[in-house]
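Scroll down for the structure; my scribbles are underneath it.
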2 protein chains.
Amino acid sequence: MKRKPITARELARMIGVSQSAVSRAFTPGASIAADLREKILQHAAEMDYHPNAIASMLSKSRTNIIGIVVSDMQNPFYPALIEKLSRALQEIGQQSLLFNIARGSNLEDQLSALRRYNVDAVIVISATILSAQTLLWATEGRAAILINRIIEDVDLSCVACDNAQGARAVADHFHALGRRHVAYVAGLSHTSTNSERRNAFITRVAELGMVLSTQIEGSEYSYHAGRRAAMKVVENAPKTDAIFFANDILAIGGIDALKEQAGRRVPEDIAVAGFDDIAIAGWPHYDLTTFRQPVDEMVRVVVQMVEEGSCAPGKPPIVKRLSGELVIRGSTAPAHHGCSAMPG
Amino acid sequence: MKRKPITARELARMIGVSQSAVSRAFTPGASIAADLREKILQHAAEMDYHPNAIASMLSKSRTNIIGIVVSDMQNPFYPALIEKLSRALQEIGQQSLLFNIARGSNLEDQLSALRRYNVDAVIVISATILSAQTLLWATEGRAAILINRIIEDVDLSCVACDNAQGARAVADHFHALGRRHVAYVAGLSHTSTNSERRNAFITRVAELGMVLSTQIEGSEYSYHAGRRAAMKVVENAPKTDAIFFANDILAIGGIDALKEQAGRRVPEDIAVAGFDDIAIAGWPHYDLTTFRQPVDEMVRVVVQMVEEGSCAPGKPPIVKRLSGELVIRGSTAPAHHGCSAMPG
DNA sequence: CATGATGTTGCATGCGCATTCATCTTTTTC
DNA sequence: GAAAAAGATGAATGCGCATGCAACATCATG
């Protein structure tokens, strides 16, 4: 029952042309007369002929496949990014081959697949897990771009949001609102996104003369981690009147815990800001002030790099820092000095 | 700089064996002496040789690639499913090639890619957009499985949650809580998931002698659609004391709108139930009673079908209905007015 | 009309590996 | 110990398409 697909050679024989002609008919810009191409394409449609991409990959060096390495699909930021990225890649004729790296399992095995499929480029969206060494090995000899992860030492191109800009914007915003005791809640502490946001935030807080009331070490980027962190903040530093969470999903957990578990009002008692601007941040219930990552521009830049091959191996690595935008919503508001309700 | 990868032939020549031997060394179960294989693998590791998957695909009929057709990554249910699915597929040596179908764009173009890459199987996760005809065409001649979408007429295998069971469980639960005026909020009305849930719910509601106070036509599966629908419910049928939303993301929007916009208490005034059991449903703030789809089992079944080739073309289509489980949380509780819930 | 330039076509070959077949080696069996 | 069976290996071929090359056709130019 499994009808074997028709090949170019068979089609050619039926029409009475050479197999080359068929190949050229399907190759944009190939040297072929317009009427011949037309004729072949028409017959091809009739015969339901589709060029075999695998064979094409073997002949050409290109596969038209981009390997996308992910590991954290829990944080809604990533599915949204992947969706836009895969759409944009499709528009330039590239398909996305997913490499879903599971924490703890043997990376070599999983990544050797990445080497065997001759993907045209590798886009690493996973902020975590992979060491620089592993990344280098996995992307050896092919174009590679890291998204939202900067690695200084090694030759890998990166596209990332200007985390420091965002963190400073949040600090400035807190300051302008009259907040004075601010806290930072970390994400995964060894990620560049986290350390950049933290360092810039802390520095700015000091510059502005605010007090860094506490700093919560990160465990992961998740709603529940955000809840736990928020409780630690009110426990460690009850006077805290503003919290900057390393990302939105943490902040959202934090808001819920602050309101429902710690009995604080947001934003009256504690202002909350996040980072990313995921869809949930815009839900009226959370209405989270956050620093919006320029996702569309990140995608555009990445796709352009892929298309132009400017991230090819051997070329100097390109590091793109894109600026984002502070989105001010209801989770932050001016401080009301004097009437601070301190339960407990 | 782009070091061309070493080929089997080159490696063979260096070791002083035939290319066949190299190929066999990497082929489990091939006829080759253990010590020779060992030697080859060792040299291969040294020389950083990795079999070229593309060439392998061309020789064998298998590509070890599964096409995954998605269209709706907004609903968190799908990213979660895709993550588990891609992991499970990786474990049986299959990679996932993403086909992200954008609404409105020319499907033929996007799906012709699906035909050109000789994927071993196609898994369609998109509940929407694709017509049965399009699906048939896209999966022509290859194994295909639809997840959460049942199409009766055509020869396609499906794996789905027992939507009717879930809807009945919700109706029963509402009844047991003493709710009497229940509403249904639809998702995308032309999807099988929606119609199955609606029909079973309405039927059961009637059987139990409850009143279907209103029914909101669906537009999409989204938080904001859920909010709008909830407002329509309280507007159309103020006496409604329980709402069954076609899925969780609708229900979550509904809860927020009911509480914050309509001024109703959940669950005291209105009980709310959803369907799916996405992560957000378990967040303390929502604490949503919902019918849990057996995602892990769905993935297991799908992967097994792929592995066994039981969904191959020509074979009779397999339709698997998996039962889920009602997860009772805080968004539903016994009605206070008059008639109480039945014990135990 | 002669010449070259340009455009079009088919032939042949190769991409890198899997696999069949024939050959040769080792083991088993009576 | 001889014959047969099983195992191991290499040479050769093909998977389906892209492309360099040569052959040929068409056209412009002098």
Side-chain angles (χ1 to χ4, degrees), chain A residues 2-41 44 47-65 93 112-113 115-120 141, chain B residues 2-41 44 47-65 93 112-113 115-120 141:
Chain A
K2 185 168 185 171
R3 249 198 0 242
K4 233 182 61 178
I6 184 176
T7 71
R9 181 173 304 277
E10 291 166 346
L11 179 65
R13 197 170 314 159
M14 301 177 120
I15 310 183
V17 298
S18 71
Q19 177 261 321
S20 324
V22 173
S23 172
R24 290 186 180 112
F26 281 89
T27 306
S31 169
I32 184 175
D35 52 348
L36 213 207
R37 163 173 282 157
E38 190 63 26
K39 176 179 162 191
I40 292 177
L41 289 180
M47 301 301 304
D48 201 30
Y49 165 76
H50 295 258
N52 180 326
I54 307 297
S56 166
M57 293 178 200
L58 192 58
S59 317
K60 300 192 289 193
S61 51
R62 301 195 60 182
T63 57
N64 288 340
I65 291 182
S112 80
R115 311 202 59 171
R116 287 186 294 104
Y117 292 93
N118 277 355
V119 297
D120 289 348
Chain B
K2 184 169 187 171
R3 246 196 5 240
K4 235 182 60 179
I6 184 175
T7 70
R9 179 173 306 277
E10 292 166 347
L11 179 64
R13 195 169 317 157
M14 300 176 123
I15 309 183
V17 298
S18 71
Q19 177 263 320
S20 322
V22 174
S23 173
R24 289 188 179 107
F26 282 89
T27 306
S31 169
I32 184 174
D35 52 347
L36 214 207
R37 164 173 282 156
E38 191 63 26
K39 175 181 164 192
I40 292 178
L41 289 181
M47 301 300 304
D48 201 31
Y49 165 77
H50 295 258
N52 180 327
I54 308 296
S56 166
M57 294 177 199
L58 192 58
S59 315
K60 301 193 290 192
S61 51
R62 301 194 59 182
T63 57
N64 287 341
I65 291 183
S112 80
R115 310 202 58 173
R116 288 186 293 105
Y117 292 93
N118 277 357
V119 297
D120 289 348

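Since the model is a prediction, treat every value here as computed from it, not as a measurement.
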* To do: Calculate the interatomic distance between A:Asp35 atom CG and C:dT8 atom P; express it in whole Å.
  => 9 Å

* Quickly work out the A:Arg37 CZ to C:dT8 P distance and round it to whole Å. => 10 Å

* **Stepwise side chain to side chain contact (heavy atoms under 4.5 Å, CB included) check, A:Val17 with A:Val22** => CA-CA 8 Å; A:Val17 298; A:Val22 173; 4.3 Å; yes

* Structure fact -> Rounded to whole Å, CZ of B:Arg13 lies from P of D:dG10 at a distance of 14 Å

* To do: Round to the nearest Å and state the distance from A:Leu58 atom CG to C:dG16 atom P.
  => 7 Å

* Interatomic distance, A:Ile40 CD1 vs C:dT8 C1' [rounded to whole Å] -> 12 Å

* **B:Arg37 (side chain) donor-acceptor with B:Arg24 (main chain) under 3.5 angstrom** => yes

* List the protein contact pattern of nucleotides 17-26 of chain C with one symbol per nucleotide (5' to 3'): B for base contact, S for sugar-phosphate-only contact, - for none; contact means a heavy-atom distance under 4.0 Å. => BBBB------

* Gap separating the CG atom of B:Asp35 from the CD1 atom of B:Ile40, nearest 0.5 angstrom -> 10.0 Å

* **Closest to side chain of B:Val17, choosing from D:dG10, C:dT9, D:dC15** => D:dG10

* May I have the distance from B:Ile15 (atom CD1) to D:dA8 (atom P), rounded to whole angstrom? => 18 Å

* Asked: Hey, what do you get for CE (B:Met14) to OH (B:Tyr49), rounding to the nearest 0.5 Å?
  -> 13.0 Å

* **Touch class at under 4.0 angstrom, heavy-atom based, for A:Ile54 against every strand present** => nothing

* Approximate separation, where rounding is to 0.5 Å, of B:Asn52 CG and B:Ser59 OG -> 9.5 Å

* **Interatomic spacing from CZ in B:Arg9 to CD in B:Gln19 - rounded to 0.5 Å** => 5.5 Å

